[in-house]
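Comments concern the structure below.
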Amino acid sequence: MTDTRIYLSPPDVSDIERKLLLEAFDSNWVAPAGPDLDAFEARLAETVGVRHAVALSSGTAALHLALIAAGVRRGDSVLVPSFTFAASANAVMYLGARPIFIDSTEESWNVDPDLVAEELRVRAQLGQLPRAVISVDLFGQCADYEPLLDACDRYGVPLIEDAAEALGATYRDRPAGSFGRAGVLSFNGNKIITTGGGGVLVTDDGSVARQVRHLATQAREPVPHYEHRTVGYNYRLSNLLAAVGRGQLQRLPGMIAARRATFEHYRDELGDLPGLTFMPIAAYGEPNWWLTCLLVDEHRFGASRDRILTELARHDIEARPTWKPMHLQPAFRDCVIRGGSVSAGLFRRGLCLPSGSALTAHDRRRVVDVVRSVAAGQKG
């Protein structure tokens with residue numbers, strides 16, 4: 001039998017989601033309103049441990065509206081981790097503001113709290129404080145929130161938590177998404193749960209939730225005719241997709257367990273190879289194991305990260321480099337960077353292995369065999 005393609009992090013849907021989707025379809029609640037949307041938002045708020053959840057068309061839309069709610073305007077600056085997906089910085093640019101990129105720590109790969117605190121100190125002295133700080137919970141692991149929140153509170157700068165990759169993770173037993181003025185989650189097709197496309201803004205602040213809900217529905221005023229006192233957006237999630245999300249949320253604990261088992265399998269089967277080191281797991285929390293990532297030391301391993309990628313692709317296995325830092329992206333070449341060498345090194349050597357929650361034992365064995373074959377080939 002011919003082996004099928006192994007994807008990096010594909011959707012994992014079941015009869016549960018199918019049943020809920022068809023029930024929503026048959027109810028004729030297919031627009032961005034309805035009982036499934038209400039139930040999905042309520043369950044999300046409960047899962048994250050906050051009072052409010054506003055389901056939206058994408059995590060990027062949620063981040064965009066979170067920045068508006070934080071008061072970000074044209075000409076402002078926002079601190080953003082450099083080691084992240086582009087959406088974290090794109091949303092800042094949408095508003096005519098400028099990201100100031102901050103490097104990572106080697107201990108967790110997340111944004112360096114000391115660099116954030118130092119940047120805030122320097123800009124406070126100059127009278128140029130940023131309008132907001134964005135943190136990112138990278139590859140499913142929370143940033144270090146105690147020092148981050150301490151620094152933001154000291155200077156009165158709101159923190160927005162980009163937890164797009166981290167639903168189900170915790171920091172000191174507190175759920176990802178529950179930190180700062182607002183949190184953002186993504187339900188893109190490659191995330192730990194998916195609605196096909198979608199996201200959510202979560203917050204304890206009722207005024208933020210009301211503002212975001214208003215803006216996400218074209219900022220229409222509650223009058224009989226169509227009245228708009230500000231520019232709004234068409235950002236709401238449909239009831240049909242929310243039905244899929246309800247089913248996915250029911251299965252979240254099992255998906256986390258499956259991805260953890262995959263991480264442990266890779267660690268056990270590849271951990272003896274010289275030159276391979278897995279992403280550190282910080283003692284302050286528990287990740288959701290969204291992606292298993294490692295670093296390749298070309299000299300010790302005997303082959304480069306790109307050589308492994310090429311060989312995996314030749315066997316119809318999708319793997320990817322870790323994020324290319326924003327300060328190295330042409331789109332942001334004119335932006336300020338604080339540090340940069342850590343995230344640049346993580347990108348240069350970083351590799352993400354297939355980590356989907358439906359990955360089979362045979363799939364994992366194929367991945368391991370290819371990686372080990374690259375090492376053996378270099379020794380032979």
Side-chain angles (χ1 to χ4, degrees), residues 7 9-66 87 140 162-169 175-178 182-203 209-210 212-218 220 232-259 288 290 355-359:
Y7 291 95
S9 182
D12 176 10
V13 293
S14 72
D15 287 342
I16 296 173
E17 292 88 343
R18 184 177 186 275
K19 177 176 180 293
L20 289 169
L21 176 62
L22 290 176
E23 288 175 354
F25 181 86
D26 291 342
S27 74
N28 205 38
W29 283 103
V30 299
D36 289 284
L37 185 59
D38 294 342
F40 187 42
E41 290 180 335
R43 182 65 187 275
L44 284 166
E46 179 184 355
T47 300
V48 176
V50 297
R51 294 186 181 90
H52 308 281
V54 184
L56 299 163
S57 56
S58 68
T60 307
L63 190 56
H64 182 196
L65 296 184
D162 182 348
E165 304 167 11
L167 177 63
S178 65
V184 169
L185 299 167
S186 171
F187 309 129
N188 188 38
N190 66 349
K191 296 303 187 292
I192 194 160
I193 73 166
T194 185
T195 56
V200 66
L201 181 141
V202 286
T203 182
R210 286 190 294 274
V212 166
R213 197 177 295 277
H214 177 64
L215 290 172
T217 50
Q218 300 285 19
R220 181 185 175 189
Y233 306 89
N234 184 17
Y235 275 173
R236 290 288 276 150
L237 188 72
S238 80
N239 191 71
L240 290 179
L241 297 185
V244 175
R246 290 180 61 204
Q248 291 271 284
L249 263 183
Q250 292 179 32
R251 300 175 54 225
L252 177 61
M255 292 176 171
I256 293 173
R259 288 179 186 253
N288 70 357
W290 175 53
S355 304
S357 53
L359 208 64

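Every value quoted in this text rests on a predicted model; they were computed, and no experiment measured them. Note that the numbering runs from 1 along the sequence shown for the chain.
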V244 and L20: CA distance, side-chain angles, deciding distance, side-chain contact (heavy atoms from CB on, under 4.5 Å) verdict | CA-CA 7 Å; V244 175; L20 289 169; over 6 Å; no

Stepwise side-chain contact (heavy atoms from CB on, under 4.5 Å) check, I193 with L185 | CA-CA 10 Å; I193 73 166; L185 299 167; over 6 Å; no

What do the steps show when you test V50 against T203 for side-chain contact (heavy atoms from CB on, under 4.5 Å), and what is the final call?
-> CA-CA 6 Å; V50 297; T203 182; 5.9 Å; no

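Nearest heavy atom pair, residue A258 against residue S357, reads CB-O, 3.5 Å. For the pair A66 and L201, the tightest heavy-atom approach, listed with the atom from each and the gap, is CB-CD1, 3.6 Å. Across all their heavy atoms, A216 and L65 have their closest contact at CB-CD1, 3.9 Å. Between V48 and A176, the closest heavy-atom pair is CG1-O, 3.6 Å. Pairing each heavy atom of A24 with each of N239, the nearest pair is CB-ND2, 3.9 Å. Taking each heavy atom of S14 and R251 in turn, the nearest pair found is OG-CD, 3.4 Å.
To the nearest 0.5 Å, atoms CZ (R246) and CG (L44) are separated by 11.0 Å. Note that CZ of R259 and CH2 of W290 are 8.0 Å apart. Values are rounded to the nearest 0.5 Å. How far OG1 of T194 is from CD of Q248: 6.5 Å, rounded to the nearest 0.5 Å. We find the OG1-CG distance between T195 and L249 to be 10.0 Å, quoted to the nearest 0.5 Å. Taking CG of L215 as the reference point, atom OH of Y233 lies at 7.0 Å (rounded to 0.5 Å). Distance CD/Q250 to CZ/R43: 6.5 Å, rounded to 0.5 Å.
Counting only residues at least two apart or on different chains, the side chain to side chain donor-acceptor pair (under 3.5 Å) pairs with a member in residues 53-65 are H64-Y235. Evaluation of the ring-ring contact (aromatic ring centres under 6.0 Å, His included) test over residues 19-62, restricted to residues two or more places apart or in two chains, returns F40-F187.
Using a cutoff of 4.0 Å between basic side-chain nitrogens and carboxylate oxygens, R213 and E41 are scored as salt-bridged.
When atom types are taken as modelled, the side chain of S355 and the backbone of S9 share no donor-acceptor pair closer than 3.5 angstrom. N288 places a side-chain N or O within 3.5 Å of a backbone atom of L167 that can act as its donor or acceptor partner.
In the displayed structure, R220 atom CZ is contacted under 6.0 Å by more than 12 heavy atoms of other residues, nucleotides or ligands. D15 CG: 12 or fewer foreign heavy atoms inside a 6.0 Å radius.
In this structure, S178 and V202 have side chains that are not in contact, with every pair of non-hydrogen atoms separated by 4.5 Å or more. Contact annotation: the side chain of V54 approaches that of R236 to within less than 4.5 Å [non-hydrogen atoms, C-beta and beyond]. In this structure, the side chains of L56 and V212 come closer than 4.5 Å at one or more pairs of heavy atoms.
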